[in-house]
Amino acid sequence: MAAVLTHNLNDLKKITFFVDECQRQHIPVLGPDVNESFHNFMVNNKGEIRFGLAAIKNVGGAAAENIISERKENGPFSSIFDFAKRVNLKSVNKRSIEALAMAGAFDGFENTHRAQYFYRENTEDTIFLEKVVKFANDYQVQKNSAQASLFGETSDVEIKDPELPECAPWTKIEQLKNEKEITGFYMSGHPLEDFKLEIDNFCNVTITDLKNNKEKYKNKNVTFAGILTSVNHRTSKSGNPFANFTLEDFTDFDSYILFSEDYLKMKHFLLEGSSLLIKASIVERKFKNGQLDIRINSIMLLSEALERNTSKIQLSVSLSALTDDLINSIEGLVKKSKGNCKLNFTINDLEDKTNISLLGTNNLVEPSGFMKGIQEFEEVRFVLK
């Protein structure tokens with residue numbers, strides 16, 4: 001698979017497709033690393049595929065070759081400053097270094113995170129990486145000047161490394177968005193992973209289902225979810241506002257349109273990076289020879305879906321797994337998650353093939369907090385209603 005990825009090095013869409021295929025086959029694909037990656041995709045000693053440096057947008061072959069040759073000749077890079085001082089800044093320029101940072105190629109350096117490289121003290125200040133490049137350029141100029149001197153005593157140049165800025169790390173969404181921009185896909189996860197519970201319980205179709213089997217859902221209501229990756233607000237020739245936007249889930253991406261009143265009602269949800277739950281109906285378009293259309297009926301934030309769509313939680317536990325510790329843990333979780341959602345219990349006796357339902361009239365919980373905790377207990381099954 002590493003060879004296939006390398007063969008498609010200059011085709012970002014194909015790289016994205018094959019990386020997704022690796023993930024489906026449970027083949028680990030690691031992000032780029034300046035101390036392990038080569039020009040092309042490669043398999044490391046653990047059997048994992050490591051992302052190729054030249055596959056990163058704005059890096060290029062010359063920069064990748066310079067990084068690799070310097071690492072082979074003088075050993076691994078110990079920090080961002082060591083890296084910048086040692087590479088050829090004409091080949092590995094500011095644009096390349098920014099792309100490497102966004103893709104996570106410097107994540108192996110201790111006590112650093114990606115947001116530091118792009119930190120600005122104020123709006124008029126340059127990002128920290130520009131200061132690093134300037135520092136490294138000054139270092140190389142002085143080093144070359146000293147080596148060209150008639151005397152050898154000054155050949156070792158001592159310039160103190162700048163201090164890394166203190167700032168908050170990027171949010172997961174920020175990190176994933178930057179990864180996709182520079183590599184074509186989400187490398188360290190997916191923005192929807194935090195909403196898997198909501199997607200599994202409230203969605204009845206995926207974006208792939210709608211793209212490939214629209215006829216199957218004709219005249220039916222569907223619910224699907226995704227992250228909004230792009231949006232374009234426009235005005236028609238007749239002066240009516242509308243928007244087309246792209247939504248992406250774990251399976252695929254597709255574009256949708258909101259017109260007129262629907263647009264005015266739901267446009268506040270159309271913000272890039274938002275994770276959305278969409279309810280729609282599949283209808284036949286008038287005067288379009290039976291062409292099917294996805295008509296969006298409502299949109300809500302995925303972060304609010306659990307609270308708004310859950311009126312009751314049904315827990316199920318087998319009798320053999322019901323211990324005092326489990327009972328106490330669930331009771332403690334209920335007390336910590338007070339809310340308005342009903343909580344019912346069913347105890348299953350697998351030997352006698354019987355079950356006992358316990359209606360928790362006084363057990364009212366807040367769904368988000370409760371479900372976050374209850375999922376840690378493998379012996380407990382649940383259904384959201």
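One is the number of the first residue; the rest follow in order along the sequence. Computation of the quantities below employed the complete heavy-atom set of this structure, encompassing side-chain atoms and omitting hydrogens, waters and symmetry-equivalent molecules.
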Compare every heavy atom of [Y] with every heavy atom of [X], then report the nearest pair and how far apart it is.
{"X": "Val132", "Y": "Ala84", "value": "CG1-CB, 3.8 Å"}
{"X": "Ile173", "Y": "Gly273", "value": "CG2-O, 4.4 Å"}
{"X": "Ile374", "Y": "Leu333", "value": "N-CD2, 3.4 Å"}

For residues [X] and [Y], is any side-chain donor paired with an opposing acceptor at under 3.5 Å?
{"X": "Ser368", "Y": "Glu307", "answer": "yes"}
{"X": "Glu174", "Y": "Asn178", "answer": "no"}
{"X": "Asp249", "Y": "Thr251", "answer": "yes"}

Count the heavy atoms of every other residue, nucleotide or ligand shown that sit under 6.0 Å from NZ of Lys196, and state whether that count exceeds 12.
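Open.
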For atom NZ of Lys134, is the number of surrounding heavy atoms from other residues, nucleotides or ligands below 6.0 Å larger than 12?
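No, NZ of Lys134 has 12 or fewer neighbouring heavy atoms, counting only those of other groups under 6.0 Å.
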Tell me whether [X] is salt-bridged to [Y], with the criterion being a basic N under 4.0 Å from an acidic carboxylate O.
{"X": "Lys57", "Y": "Glu181", "result": "no"}
{"X": "Lys143", "Y": "Asp138", "result": "no"}
{"X": "Glu98", "Y": "Lys94", "result": "yes"}

[Y] ring center within less than 6.0 Å of [X] ring center:
{"X": "Phe224", "Y": "Tyr256", "value": "yes"}
{"X": "Phe118", "Y": "Phe128", "value": "no"}
{"X": "His233", "Y": "Tyr263", "value": "yes"}

Is there a path of hydrophobic side-chain contacts, each under 4.5 Å between heavy atoms of I, L, V, M, F, W or Y residues, that connects Leu197 with Val383?
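Result: no, two separate clusters.
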Identified side-chain contact (heavy atoms from CB on, under 4.5 Å) partner of Tyr217 from the options Val222, Ile294, Leu292
Val222
Here's a test for you: under side-chain contact (heavy atoms from CB on, under 4.5 Å), which of Thr208, Ile207, Asp209 qualifies with Lys211?
Ile207
Would you say Phe38 and Arg71 make side-chain contact, with heavy atoms under 4.5 Å?
yes
